[in-house]
Structures are given as structure tokens and as C-alpha cells.
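This is a predicted model, so every value here is computed, not measured. Every heavy atom of this structure was used, including side-chain atoms; hydrogens, water molecules and symmetry mates were not. Along the sequence shown, residues carry numbers from 1.
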Amino acid sequence: KMAVRKNEQSISRFAVLDTALQLVSYTMQILSNEKVFIPKYQKLIDKMSYETTMIYHSCRVANKTDMRTDNPIEYQYRAKQRLTLEQDALQYCEQLLTDIMISQKVFHLKASKVRHWTKLTSETQKSIEKWYDSETKRYGL
């Protein structure tokens with residue numbers, strides 16, 4: 001059987017979800033300050049909100065992908081789906097990092113807020129990368 005037993009599952013993916021959810025929470029909190037994030041740039045604000053939500057969503061859906069199957073072809077298909085979602089999350093992290101740098105200039109954000117936001121995004125990205133690398137080895141892809 002190709003299913004992964006509960007005791008063999010990496011605990012790190014749960015940490016990834018926690019970190020990603022912290023990123024969403026902080027991003028929504030900071031973006032809600034209308035004195036800083038002025039409506040004139042609503043498209044950028046919406047884009048960052050979307051990116052951070054998709055980081056969490058992609059990780060959550062990847063984590064929920066049911067790998068229990070006796071069919072090797074189906075197992076490979078599901079593994080690829082899962083890894084693709086993790087890659088998507090990594091891409092959204094990269095986009096968010098870019099938009100944070102743009103926001104620093106456009107919205108004149110304090111350096112301390114930018115450092116914290118960037119650090120939280122980078123930590124999320126690193127945890128997803130570790131998860132992705134671990135699963136790439138596990139699935140032999």
C-alpha cells in the first residue's frame with residue numbers, strides 16, 4: 001500500500017499552516033489601516049490581500065489532498081497535485097514580497113513594519129520550501 005501512515009507524516013506541514021495563517025492575519029491587520037493604505041491604490045491592496053490568502057489556501061488544500069490509494073498512477077497524480085499547490089504558495093510568497101517592497105515606497109510604511117512583514121513572509125516561504133523539498137523526496141518526484 002502506498003498510503004503514508006499518520007505516524008510517518010511530517011509534522012512540519014502543520015507548522016506551515018500555522019505560519020501561513022499568521023501571515024494572513026498580520027497582512028489583513030496592516031492592510032486595514034486606511035490612513036496608510038489609501039483607497040487610491042486599492043488594486044495593490046486587493047492584490048496583496050489575495051496573495052496572502054492564496055498562500056494559506058494553497059497550503060491548506062495541499063495538506064488536505066488525500067494520498068490514500070492503492071493505485072500507483074493515482075498516487076503519482078495526487079502527489080503532483082499536492083506539489084503544484086505548494087509551488088503555487090511559493091510563487092504567491094514571492095509576489096507578496098515584491099508588493100511589500102512596492103508598498104514601502106507607495107504607502108511610506110515604517111521600516112519596522114516592513115521588516116516584520118517581510119520576515120513573516122520569508123519565514124512562511126522557507127517553511128513551505130522545506131515542506132516541498134521533503135515531499136518531493138517522499139514522492140520521488
Side-chain angles (χ1 to χ4, degrees), residues 2-141:
M2 300 197 87
V4 177
R5 293 187 186 119
K6 283 241 188 242
N7 61 351
E8 295 173 1
Q9 292 177 350
S10 170
I11 205 76
S12 65
R13 65 185 155 157
F14 301 112
V16 169
L17 291 173
D18 289 344
T19 305
L21 192 54
Q22 286 175 9
L23 175 61
V24 172
S25 177
Y26 185 77
T27 300
M28 296 306 174
Q29 175 189 340
I30 197 167
L31 292 178
S32 68
N33 184 344
E34 292 178 7
K35 291 178 184 173
V36 176
F37 288 89
I38 54 177
K40 177 180 176 181
Y41 298 105
Q42 191 63 45
K43 285 184 181 181
L44 178 58
I45 296 165
D46 291 345
K47 184 174 181 278
M48 288 186 292
S49 175
Y50 177 78
E51 289 160 354
T52 193
T53 302
M54 289 307 296
I55 291 165
Y56 179 72
H57 175 73
S58 298
C59 290
R60 191 172 166 277
V61 173
N63 186 50
K64 291 181 73 71
T65 301
D66 186 359
M67 297 304 295
R68 294 172 294 181
T69 180
D70 290 327
N71 181 330
I73 295 169
E74 181 65 22
Y75 185 81
Q76 287 293 319
Y77 174 76
R78 292 177 188 184
K80 286 178 184 172
Q81 277 186 313
R82 189 172 170 125
L83 291 171
T84 297
L85 286 161
E86 292 165 18
Q87 286 175 322
D88 291 349
L90 289 169
Q91 189 61 39
Y92 285 118
C93 285
E94 204 54 49
Q95 290 173 2
L96 183 59
L97 286 168
T98 297
D99 289 340
I100 290 169
M101 293 302 107
I102 293 168
S103 294
Q104 183 178 16
K105 298 294 181 198
V106 171
F107 299 110
H108 309 290
L109 293 175
K110 292 180 182 175
S112 61
K113 288 210 182 283
V114 171
R115 274 194 302 274
H116 181 69
W117 200 3
T118 300
K119 180 181 176 202
L120 195 53
T121 305
S122 295
E123 286 172 356
T124 302
Q125 187 175 35
K126 284 180 183 120
S127 66
I128 297 167
E129 285 170 353
K130 287 180 186 175
W131 182 28
Y132 177 80
D133 291 345
S134 168
E135 295 212 332
T136 300
K137 290 175 191 162
R138 176 185 303 147
Y139 302 133
L141 298 173

A.B. asks: Output all residues satisfying side chain to side chain donor-acceptor pair (under 3.5 Å) with Asp46, sequence neighbours left out; order by chain, then residue number.
C.D. replies: Gln42

A.B. asks: Keeping Ser49 on the side-chain end and Ile45 on the backbone end, is there a donor-acceptor pair under 3.5 Å?
C.D. replies: no

A.B. asks: Name all residues meeting the side chain to side chain donor-acceptor pair (under 3.5 Å) criterion together with Gln81; count only those two or more places apart in sequence or in a different chain, and write none if there are none.
C.D. replies: Tyr77

A.B. asks: Report the residues that fulfil side chain to side chain contact (heavy atoms under 4.5 Å, CB included) with Gln125, sequence neighbours left out, ordered by chain and then residue number.
C.D. replies: Leu90, Cys93, Glu94, Leu97, Glu129

A.B. asks: Measure the CE-CG distance between Met48 and Leu31 for me, rounded to the nearest 0.5 Å.
C.D. replies: 5.0 Å

A.B. asks: Within this structure, what is the OG1-CD1 distance for the pair Thr121 and Ile55, rounded to the nearest 0.5 Å?
C.D. replies: 6.5 Å

A.B. asks: Atom CG in Leu141, atom NZ in Lys137: separation rounded to 0.5 Å?
C.D. replies: 13.5 Å

A.B. asks: Let's go through Leu120 and Gln22 carefully: what are the C-alpha distance in whole Å and the side-chain angles of both, what is the deciding distance for side-chain contact (heavy atoms from CB on, under 4.5 Å) to 0.1 Å, and is it a yes or a no?
C.D. replies: CA-CA 8 Å; Leu120 195 53; Gln22 286 175 9; 4.1 Å; yes

A.B. asks: How close do Glu86 and Ile128 get, heavy atom to heavy atom, and via which atoms?
C.D. replies: O-CG2, 3.7 Å

A.B. asks: Does atom CZ (Arg60) have a neighbourhood of more than 12 heavy atoms from anything else shown, all under 6.0 Å?
C.D. replies: no

A.B. asks: Which heavy atom of Thr69 sits nearest a heavy atom of Arg78, and at what distance?
C.D. replies: CB-NH1, 3.8 Å

A.B. asks: State, to 0.1 Å, how close Cys59 and Trp131 come at their nearest heavy-atom pair, and which atoms those are.
C.D. replies: O-CH2, 3.4 Å

A.B. asks: Roughly how far, to the nearest 0.5 Å, is CZ of Arg138 from CE of Met67?
C.D. replies: 8.5 Å

A.B. asks: Calculate, to the nearest 0.5 Å, the distance between atoms OG1 and CG belonging to Thr27 and Asp99 respectively.
C.D. replies: 11.0 Å

A.B. asks: Treating Ser134 as the side-chain partner and Lys130 as the backbone partner, does any N or O pair qualify as donor plus acceptor under 3.5 Å?
C.D. replies: no

A.B. asks: Assign the ring pair Phe107 / Phe37 to parallel, tilted or perpendicular, where the plane angle (0 to 90°) is split at 30° and 60°.
C.D. replies: tilted

A.B. asks: For the CG atom of Leu23 and the OG1 atom of Thr53, what is their distance to the nearest 0.5 Å?
C.D. replies: 9.5 Å

A.B. asks: Would you sort out whether Glu123 and Lys119 count as a side-chain contact (heavy atoms from CB on, under 4.5 Å), showing the intermediate values?
C.D. replies: CA-CA 6 Å; Glu123 286 172 356; Lys119 180 181 176 202; 3.0 Å; yes

A.B. asks: Could you tell me which non-hydrogen atom of Lys113 sits nearest to which non-hydrogen atom of Tyr26, and how far apart they are?
C.D. replies: O-OH, 3.8 Å

A.B. asks: Inspect the surroundings of NZ in Lys47 and state if more than 12 heavy atoms from other residues, nucleotides or ligands are less than 6.0 Å away.
C.D. replies: yes

A.B. asks: Under 3.5 Å, side chain of Thr118 to main-chain N/O of Arg115, donor-acceptor pair present?
C.D. replies: no

A.B. asks: Does the pair Val36 and His108 meet the rule for a side-chain contact (heavy atoms from CB on, under 4.5 Å), with working shown?
C.D. replies: CA-CA 8 Å; Val36 176; His108 309 290; over 6 Å; no

A.B. asks: Of all the heavy-atom pairs spanning Ala20 and Thr124, show the shortest one and how long it is.
C.D. replies: CA-CG2, 3.9 Å

